[in-house]
Amino acid sequence: MKDNSKLIFELKNIVGDNNIITSEWGKEPFSIGWRYGDGNALAVVKPGKLIEIWEILKLCVENELIILMQAANTGLTGGSTPNGNDYDRQIIIINTMRINDIHVIDNGKQVIGLAGSTLYDLENELKKYDRDPHSIIGSTSIGASIVGGVCNNSGGSLVQRGPAFTQLALYARVNKKGELELINELDLELGTKPEEILENLEKRNYSKDNILNSDKLASDDKYSEIVREINSSTPARFNADKRLLYKASGSAGKVAVFAVRLDTYPKPKRNQVFYLGTNDVDVFWKIRRHVLSNFKSLPRLGDYLHRDCYDAAKKYSKDTFIVIDKLGTKFLPKLFEIKRKVDLLSKEMSFLPDKLSDKIMQFLSKFWPNHLPRKMEKFRDDYEHHWIIEMTDNGIDEADFYFKKFFKENDGNYFKCDTKESRKAQLHRFVSAGAFGRYQALNNKKNEESFSMDIALPRNEKNWFEKLPKEIDDLFEMKLYYGHLFCHVLHQNYIVKNGVNSKALLDKLLKFYDSKGTEYPAEHNVGHEYVAKESLYNFYKELDPTNSFNPGIGKSSKLKNWK
């Protein structure tokens with residue numbers, strides 16, 4: 001067995017004894033995915049400075065180690081952890097969360113987010129400038145990073161913005177010769193040598209004159225037009241879209257990203273949430289087409305929730321809802337950290353049940369009274385399909401006028417949410433994503449017995465609500481549907497019945513998707529769960545010709561030089 005003591009000693013010299021983890025128990029929060037994937041790693045290293053990342057990368061390249069860049073580890077497809085133990089080299093996980101600085105530039109019109117900076121902190125930082133971030137995604141509240149969103153082209157809930165994207169980034173790669181190189185494409189003058197560039201950025205040793213008025217994009221400038229093209233036979237957004245694959249953007253860990261430069265947006269002066277319900281799927285199809293093709297103002301967001309998912313979230317995500325509602329999102333990352341530690345402890349002690357934290361939290365939630373507003377509960381009883389639409393400024397009156405007229409002639413109804421109802425409606429939709437995992441934990445379902453699909457339907461698809469063939473449908477124990485309906489991005493969670501061949505069933509399900517022109521994944525990226533389509537595979541190979549970073553992503557080769 002190879003003696004790694006010298007390597008560990010050198011890593012400790014870079015980051016200090018307290019910022020390297022080598023014990024199996026200590027590594028688990030970093031080597032096990034949020035929902036999917038796990039494997040061995042030689043060590044988890046937690047640098048506190050950009051220059052430390054560079055020194056770690058040099059050491060890894062010199063020792064022919066696999067480099068796995070990781071921020072908050074909130075991904076749903078296992079893309080920031082090892083997956084299995086069939087790699088041909090040892091793995092070092094570099095967790096960047098200690099490097100969380102955000103530089104606000106150009107009077108708040110843009111930001112530079114360093115490697116571990118989070119969307120949650122970005123939202124708070126921009127409040128003083130009365131501006132909004134480029135992206136709002138479901139995992140914002142649990143610590144999702146800015147860089148992680150860009151690397152995965154995360155879409156999120158915003159109809160006007162589209163996937164996280166920039167052409168302005170500072171990153172390192174290993175070239176065809178096996179040499180580590182730092183590439184500064186921030187359009188920010190920081191020097192020439194890697195150490196100089198990294199130190200000047202981190203210490204803000206630059207002035208306004210060093211910031212170039214770049215022609216490069218710092219956000220997706222086409223999406224608001226693309227989403228309006230309701231007669232197109234292709235999806236509005238999906239991870240294999242060549243349009244958004246650019247260096248760091250969409251890179252999925254195939255390079256080491258030190259920083260990204262992104263646009264921000266003025267906050268609207270007014271916001272109004274409309275809560276819609278119907279029993280006829282064609283009603284939402286009509287509304288979607290009319291709003292996207294005729295409204296002068298695009299909705300800010302439009303999140304769909306099926307009644308079954310509403311019920312599951314009410315039962316299985318109640319504790320998460322209450323924590324956020326009463327304590328705020330700032331406490332949530334800490335809660336999930338405690339939750340992980342409790343679960344790891346229960347694994348170590350055989351007399352404790354698996355998923356102990358879920359079982360404790362589910363039990364305690366029973367003692368809390370109903371947390372959902374009466375109007376929402378009435379809509380739950382009356383309607384199968386629910387749609388939360390947020391309009392801003394001039395779009396508010398436009399939507400109110402249209403909905404009043406529309407529902408006089410069509411099945412369903414709507415109501416305008418007050419501030420409290422708005423918060424609770426959107427929070428209920430947000431926590432619905434966790435209901436699936438809680439159900440799994442309480443019913444001892446393994447990941448292999450479930451699918452969490454992230455699909456993008458063609459923009460002209462009328463039959464947006466899934467109707468599976470009976471021979472497929474009968475094999476599922478549970479189905480939960482939610483998503484971003486204006487974008488035609490749906491998250492569809494399935495629990496397989498006992499005794500069913502889940503692999504064969506998944507193949508049938510994917511063929512059904514293919515027959516409808518569906519792209520997948522839509523915004524969660526391939527991780528280790530999906531096969532990378534040709535455009536993604538070629539992009540990864542071009543970025544990382546020696547397969548040094550995050551090998552195996554998209555079910556590709558885990559071996560050196562893509563063998």
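All residue numbers in this chain count up from 1 along the given sequence.
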Could you tell me if Lys533 sits above the aromatic ring of Tyr520, with its cationic atom closer than 6.0 Å to the ring centre and no more than 45 degrees from the axis?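 Satisfied, under 6.0 Å and within 45°.
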Lys/Arg-Asp/Glu bridge criterion (N-O < 4.0 Å) met for [X], [Y]:
X	Y	result
Arg438	Asp358	yes
Glu202	Lys49	no
Lys216	Asp187	yes
Asp101	Arg204	yes

Is it the case that over 12 heavy atoms from other parts of the model lie below 6.0 angstrom from the CD atom of Glu179?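 Yes.
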Greater than 12 external heavy atoms within 6.0 Å of Glu542's CD: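 Count not over threshold, so no.
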Check against side-chain contact (heavy atoms from CB on, under 4.5 Å), Ser117 and Leu122: CA-CA 8 Å; Ser117 56; Leu122 178 57; over 6 Å; no
Work out which heavy atom in [X] is nearest to a heavy atom in [Y]; give both atom names and the distance.
X	Y	answer
Tyr540	Ala532	CE1-CB, 4.2 Å
Asn550	Gly79	ND2-O, 3.0 Å
Ala43	Thr22	CB-CG2, 4.1 Å
Pro194	Leu182	CA-CD2, 3.6 Å
Val147	Gly113	CG2-O, 4.1 Å

Side-chain contact, heavy-atom cut-off 4.5 Å: [X] with [Y]?
X	Y	result
Val257	Cys151	yes
Lys558	Asp86	yes
Val104	Arg131	no
Leu59	Ile92	no
Leu188	Ile105	no
Leu262	Ser219	no
Leu11	Ile56	yes
Tyr206	Leu186	no

Output, in order, the C-alpha distance, side-chain angles, deciding distance and verdict of side-chain contact (heavy atoms from CB on, under 4.5 Å) for Ile94 and Leu57. CA-CA 9 Å; Ile94 304 175; Leu57 292 175; 3.8 Å; yes
Restricting to salt bridge (Lys or Arg N to Asp or Glu O under 4.0 Å), what partner residues turn up for Glu64, sequence neighbours left out?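 By the salt bridge (Lys or Arg N to Asp or Glu O under 4.0 Å) rule, Glu64 matches Lys560.
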Check the pair Lys6 / Glu10 against salt bridge (Lys or Arg N to Asp or Glu O under 4.0 Å), numbers first and verdict last. CA-CA 6 Å; Lys6 182 175 182 290; Glu10 289 176 307; 3.3 Å; yes
